[in-house]
Amino acid sequence: MSQTPFSLGTFTDGQSGPFPGIVVADTVYDTRPVLPAATTTSDLLADWDTSLTALQSLADAPEGDGRPVGELTVLAPVQPPGQILAAGAN
């Protein structure tokens with residue numbers, strides 16, 4: 001297995017809902033065709049061992065048409081964010 005570096009995130013094109021994607025050399029590839037059961041980044045992280053193998057394969061040999069990251073809106077990387085805890089102090 002090669003080790004092409006990639007980043008994981010959540011993106012939208014403004015016309016459809018958010019989708020998980022990987023960024024390879026400033027190009028975003030939708031991960032749903034490779035991992036159709038993982039429709040969010042939270043799904044990918046929940047089964048990381050399986051996801052990492054598929055994501056690394058996608059990064060090494062991208063499938064489909066990637067889109068320049070500058071054409072997309074970058075959202076919070078983990079969707080949905082889950083429980084957020086905060087505490088205030090003086």
Side-chain angles (χ1 to χ4, degrees):
M1 176 189 304
S2 180
Q3 294 297 311
T4 303
F6 69 88
S7 300
L8 179 64
T10 303
F11 307 89
T12 186
D13 61 7
Q15 297 176 353
S16 59
F19 66 91
I22 62 167
V23 182
V24 179
D26 295 327
T27 302
V28 176
Y29 297 93
D30 190 339
T31 62
R32 294 173 298 180
V34 176
L35 292 162
T39 59
T40 67
T41 51
S42 290
D43 294 338
L44 293 170
L45 296 172
D47 189 12
W48 185 244
D49 291 336
T50 300
S51 297
L52 179 58
T53 301
L55 295 173
Q56 188 63 64
S57 294
L58 179 60
D60 293 340
E63 296 178 12
D65 294 329
R67 297 189 53 189
V69 71
E71 291 182 4
L72 300 169
T73 301
V74 179
L75 303 174
V78 178
Q79 294 284 334
Q83 187 176 22
I84 298 173
L85 302 176
N90 286 331

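All values reported here derive from a predicted model rather than from experimental measurement.
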- [ ] Find the distance between CG (L52) and OG (S57) and round it off to the nearest 0.5 Å.
- [x] 9.0 Å
Open item on the list: Using modelled atom types and a 3.5 Å cut-off, is there a donor and acceptor pairing between side-chain atoms of E63 and backbone atoms of L58?
Closed with: no
- [ ] Could you work out the complete set of other residues in the hydrophobic cluster of F19, with links drawn between I, L, V, M, F, W and Y side chains under 4.5 Å apart?
- [x] F11, V23, V28, V69, L72, V74
TODO: List for me each residue that meets side-chain hydrogen bond (donor to acceptor under 3.5 Å, both in side chains) alongside T73, sequence neighbours excluded, and say none if there are none.
DONE: none
Open item on the list: Nearest 0.5 angstrom please: I22 CD1 to T41 OG1, how far?
Closed with: 13.5 Å
Task: Exercise: identify the closest heavy-atom pair between P20 and L44 - done: CB-CD1, 3.9 Å
Task: With sequence neighbours excluded, residues passing side-chain hydrogen bond (donor to acceptor under 3.5 Å, both in side chains) with D47 - done: T50
Task: Residues forming a side-chain hydrogen bond (donor to acceptor under 3.5 Å, both in side chains) with T40, sequence neighbours excluded - done: D43
Task: Where at least one partner belongs to residues 70-79, residue pairs that pass salt bridge (Lys or Arg N to Asp or Glu O under 4.0 Å), sequence neighbours excluded - done: R67-E71
Open item on the list: Which heavy atom of Y29 sits nearest to which heavy atom of G64, and what is that distance?
Closed with: CE2-O, 4.0 Å
- [ ] Hey, could you give me each pair passing salt bridge (Lys or Arg N to Asp or Glu O under 4.0 Å) that has a residue in residues 75-90? Not counting sequence neighbours.
- [x] none
Task: Stepwise side-chain contact (heavy atoms from CB on, under 4.5 Å) test for W48 and L55 - done: CA-CA 10 Å; W48 185 244; L55 295 173; 3.9 Å; yes
TODO: Applying side-chain contact (heavy atoms from CB on, under 4.5 Å), run through V78 and T10 and close with a yes or a no.
DONE: CA-CA 7 Å; V78 178; T10 303; over 6 Å; no
Task: Donor-acceptor under 3.5 Å (D13 side chain, S16 main chain) - done: yes
Open item on the list: Please find the pair of heavy atoms, one from A59 and one from F6, that lie closest to each other, and give the distance.
Closed with: CB-CD2, 3.7 Å
Task: Qualifying residue, where the test is side chain to side chain contact (heavy atoms under 4.5 Å, CB included) with S51 and the options are L35, L45, V34 - done: L35
